[in-house]
Each structure stands twice: as structure tokens, then as C-alpha cells.
Amino acid sequence: MNKYKNPDGGAPSDEALSRLARRGKAKIAIISIFCVAVIGFSSFLAIDRFFIPLSKYRAAVKQLESGETLSASETFSALDGFLKSEDYLDESYSILASGAVDAEDFALAEEYYSKTVNREAPAAMEFHQKAEGLADRYFDLGFYEKAHDCYMTIGLTEGAQRCVESLYNSLVALSGENVCGVPSGFDAPMLKGYKDSDKYALAYRLEVSRWDTDEEIAKNISLCYELGDFKDTAKSGFLSQRLYGHKYSNSDGYYFMMNEYYDWKYNIPSYRFAGYYGLYSKFSGGTFYIGSDEKESWTKQFRFEFSDMDKTLKVYSFRTGGTYTLTKEY
């Protein structure tokens with residue numbers, strides 16, 4: 001039964017028609033509100049997901065073009081692949097890496113370059129060529145540490161290894177036959193663990209260290225034994241420092257000592273040079289010589305060998321061919 005039909009069978013009453021109209025308007029209002037809400041939400045999504053990122057994207061492009069590369073890279077990174085932001089991000093990192101190389105901050109350059117994805121992109125290839133060319137120039141000039149770091153920036157490990165070998169060989173060539181006279185440079189990070197670099201670095205530390213206090217002397221003697229057979233350091237390295245202020249003797253009455261004035265005193269048989277003036281003494285490779293460069297003559301007198309943390313000293317006499325074992329008195 002039509003609920004709006006007049007019970008008497010006539011036309012619907014005015015009141016019924018009015019109620020119908022009001023309900024129709026209510027439905028229309030609800031539908032309209034829903035449509036407005038849908039349109040508003042869609043607009044919000046469009047603004048949030050496209051128009052705002054687009055605005056940031058365009059601003060970042062302008063920053064990149066005007067040289068504000070770091071700020072641009074941060075924006076492109078935050079855009080997370082929006083439009084061509086990844087390509088621009090790669091370009092930004094390549095430019096930043098190039099600037100770091102110019103400033104010789106190779107660690108920073110390597111950090112930026114490692115973030116690039118497309119190494120075939122023009123900016124990345126330009127940076128690679130620039131860094132390799134600079135590394136080659138450093139190498140040719142003998143700046144092996146800079147060349148090494150520059151090669152590592154772009155992952156050229158073969159070139160970096162060539163730098164390691166060249167630096168090591170050049171430093172070894174400057175080193176003397178014995179442990180004294182080792183140049184600085186063996187402690188370079190790139191040489192860590194390479195051949196005898198660590199031993200050379202320790203020898204240099206001993207060479208420049210102080211031997212004044214008992215604590216310093218004990219520490220340095222311990223380091224000498226740590227070097228062991230390397231250039232016979234444990235046996236005869238740093239002789240004058242280890243002999244200074246000490247006296248060694250044995251039960252047969254033989255002794256060898258160096259006082260606080262660096263004067264040698266000993267009764268172990270040695271060569272005599274009566275009537276000769278201007279003679280000097282020197283140590284080399286654990287051997288004690290008398291002579292002079294001017295006379296172009298040096299005579300071997302003694303060869304020394306420490307043991308037992310320097311409590312024992314063996315002195316070989318070149319005059320008699322005998323070895324005298326002495327014990328430290330003080």
C-alpha cells in the first residue's frame with residue numbers, strides 16, 4: 001500500500017507531499033556532502049602526493065643549477081624517486097665528490113661517490129676521469145699517499161696497490177743498513193701490515209723516543225726485544241742509548257762502560273793507535289769502530305750483542321778474536 005496515498009482514495013494530502021519533499025532534500029544534501037568530501041580528500045591526496053613534491057622537485061633543480069648542490073641532494077634524496085629525482089641525486093653526489101677531491105678530502109669524496117647508482121651517467125663519468133687523472137699526477141710527482149687515496153675514491157685498487165709498493169720501496173731505500181736512520185713515513189695507514197712496514201714504524205718510534213728516565217729506558221728496551229731479529233735490533237740496536245750510564249763486567253776482571261759524559265772505558269783487548277790524532281769512534285750494525293772519514297779508514301774494535309733484557313752483554317774483540325761475556329753492574 002502506498003503510504004502517501006490518501007485513505008479516502010483521493011490524491012495525496014499536502015502534508016504527505018511535504019514530508020516527501022523534505023526527505024528528498026535530505027538525501028540530496030547527504031549525497032552532496034559525501035561528494036564534496038570525496039572531492040576534497042582526492043584534492044588533498046593530489047596536493048600531498050604530487051603538487052607539494054613537484055614544488056620541492058622544481059626548487060631542488062634550481063638549487064642544483066645555481067650551485068647549491070648539498071641542499072639539492074638532500075631534497076632529491078627525500079623525494080624518494082619522484083620524477084627524475086634519482087638521476088639528479090646521482091648527479092649531485094658526483095658533483096659533491098668532485099668538490100671533495102679538489103679539497104683533497106678523499107674520504108668524503110669516496111663517501112659521496114659510493115652513493116651514486118648509475119656510474120655511466122655523464123656527471124659520474126666526468127668525476128671518475130677527473131679523479132683518475134689527478135691520482136696519476138700525484139703518483140708521477142711522488143705523492144703516493146694522496147695518489148693512493150684518490151685511486152681508492154673511485155675503486156681503482158690496482159693503482160692504489162702500486163702506490164703502496166712505491167712508497168714502501170722509496171722509504172726502504174732511504175733507510176740505513178742498521179735499525180738507526182729509519183725515515184718517517186712507515187706509519188702511513190696505507191702501509192699498515194705491508195711487508196716490514198710495522199717493524200720500520202716501530203724502529204722509527206724508538207729512534208725519536210726519549211731515553212732519559214728509567215721508565216722510558218725500560219719501555220724502549222722492551223720494544224727493541226719486540227723487534228727481535230729485524231736488523232738485529234734486539235742484539236745490537238740503539239747501542240749508545242742502551243750502553244749510556246751503564247757498566248758491564250765479569251769475574252775475570254774485564255769490563256766495558258760508558259759514563260754520563262759518553263766516555264768509553266774498558267780493558268778488553270783492542271787495537272791501539274799511538275801517535276794518531278783526530279780519530280773518532282762510531283757504531284754501525286752493532287760494531288764499534290775507530291778511525292775517521294778524513295783518513296778514509298775505520299778499524300773494527302768490538303762487536304756487541306745484548307741479551308736477557310740487556311742484563312747480559314757479549315763483547316767480541318776483533319784484536320784477539322775472543323768473546324767476553326759481561327753482566328750489568330748498574
Side-chain angles (χ1 to χ4, degrees), residues 64 67-70 72-73 87-209 223 226-231 233 237 285:
L64 184 62
E68 299 176 58
T69 313
L70 182 58
S73 70
D87 294 337
Y88 279 121
L89 182 60
D90 261 11
E91 183 179 348
S92 301
Y93 285 146
S94 296
I95 295 172
L96 289 169
S98 181
V101 163
D102 290 339
E104 297 186 357
D105 190 341
F106 302 112
L108 183 61
E110 184 175 2
E111 178 185 343
Y112 283 132
Y113 188 63
S114 67
K115 294 178 179 180
T116 59
V117 177
N118 183 9
R119 299 289 172 85
E120 302 299 322
M125 293 181 66
E126 182 180 345
F127 165 71
H128 190 285
Q129 293 171 358
K130 175 181 180 178
E132 184 176 5
L134 182 62
D136 290 342
R137 288 197 295 275
Y138 280 144
F139 183 87
D140 292 340
L141 292 171
F143 298 143
Y144 300 122
E145 290 184 69
K146 289 184 178 181
H148 172 273
D149 293 344
C150 203
Y151 281 129
M152 289 301 294
T153 297
I154 50 178
L156 293 180
T157 55
E158 185 176 339
Q161 184 60 28
R162 187 161 51 101
C163 296
V164 171
E165 295 169 357
S166 298
L167 177 60
Y168 179 84
N169 292 336
S170 64
L171 291 174
V172 170
L174 294 173
S175 303
E177 293 182 4
N178 55 57
V179 72
C180 297
V182 173
S184 62
F186 282 104
D187 58 348
M190 61 186 275
L191 291 180
K192 183 70 175 177
Y194 182 73
K195 292 187 176 180
D196 286 331
S197 292
D198 295 341
K199 293 181 179 180
Y200 275 110
L202 181 54
Y204 179 74
R205 279 175 50 198
L206 278 167
E207 189 174 338
V208 299
S209 63
L223 291 176
E226 184 178 328
L227 279 171
D229 293 335
F230 178 71
K231 292 184 177 290
T233 307

Subject >> Verdict with reasoning, Leu108 to Val101, per side-chain contact (heavy atoms from CB on, under 4.5 Å) >> reply: CA-CA 8 Å; Leu108 183 61; Val101 163; over 6 Å; no

Review item, side-chain donor-acceptor pairs of residues 180-195, under 3.5 Å, at least two apart:
none

Subject >> side-chain contact (heavy atoms from CB on, under 4.5 Å) evaluation trace for Phe127 with Thr153 >> reply: CA-CA 10 Å; Phe127 165 71; Thr153 297; 3.7 Å; yes

Subject >> Nearest heavy atoms of Leu70 and Leu96, plus distance in Å >> reply: N-CD2, 4.0 Å

Subject >> Worked check of side-chain contact (heavy atoms from CB on, under 4.5 Å) between Phe106 and Glu145 >> reply: CA-CA 11 Å; Phe106 302 112; Glu145 290 184 69; over 6 Å; no

**OP:** Side-chain contact test, heavy atoms from C-beta onward, threshold under 4.5 Å: evaluate it for Leu202 versus Leu223 and give yes or no.
**Re:** yes

Original post:
Within the side chain of Ser175, is there an N or O that forms a donor-acceptor pair under 3.5 Å with the backbone of Leu171?
Top reply: yes

Original post:
Would the number of heavy atoms belonging to other residues, nucleotides or ligands and lying under 6.0 Å from CG of Asp140 be above 12?
Top reply: yes

Subject >> Salt bridge present between Asp90 and Lys115 (N-O < 4.0 angstrom) >> reply: no

Original post:
Between Arg205 (side chain) and Tyr200 (backbone), is there a donor-acceptor pair under 3.5 Å?
Top reply: no

**OP:** Report yes if some heavy atom in the side chain of Phe143 is under 4.5 Å from a heavy atom in the side chain of Arg137; otherwise report no.
**Re:** no

**OP:** Can you measure from CG (Leu89) to OG1 (Thr116) and round to the nearest 0.5 angstrom?
**Re:** 9.5 Å

Original post:
So which heavy atom on Lys199 is nearest to which on Leu227, and how close?
Top reply: O-CD2, 3.5 Å

Original post:
Do Glu111 and Tyr93 have side-chain N/O donor and acceptor atoms under 3.5 Å apart?
Top reply: no

**OP:** Please round to the nearest 0.5 Å and tell me the distance separating atom CG of Asp149 and atom CG of Asp105.
**Re:** 10.0 Å

Original post:
Given Tyr144 and Ser170, is the side-chain contact (heavy atoms from CB on, under 4.5 Å) satisfied, shown in steps?
Top reply: CA-CA 10 Å; Tyr144 300 122; Ser170 64; 4.2 Å; yes

Kindly list each side-chain donor-acceptor pair under 3.5 angstrom involving residues 158-168, sequence neighbours excluded, with atom names and distances?
unit_1, atom_1, unit_2, atom_2, d
Arg162, NH2, Tyr151, OH, 3.1
Ser166, OG, Arg162, O, 2.9
Tyr168, OH, Asp196, N, 3.4

Subject >> Atom CZ of Phe230: over 12 foreign heavy atoms under 6.0 Å >> reply: yes

Original post:
Heavy-atom distance under 4.5 Å between the side chains of Ile95 and Glu91, does that happen here?
Top reply: yes

Subject >> Shortest non-hydrogen separation from Leu64 to Ala72 and the atoms involved >> reply: N-CB, 3.8 Å

Subject >> Value rounded to 0.5 Å, distance of CE in Met125 from OG in Ser94 >> reply: 11.0 Å

Original post:
Do any N or O atoms from the side chain of Lys231 and from the backbone of Gly176 form a donor-acceptor pair under 3.5 angstrom?
Top reply: yes

Original post:
If you look at every heavy atom in Ala135 and Cys150, which pair is closest and at what distance?
Top reply: CB-CB, 3.7 Å

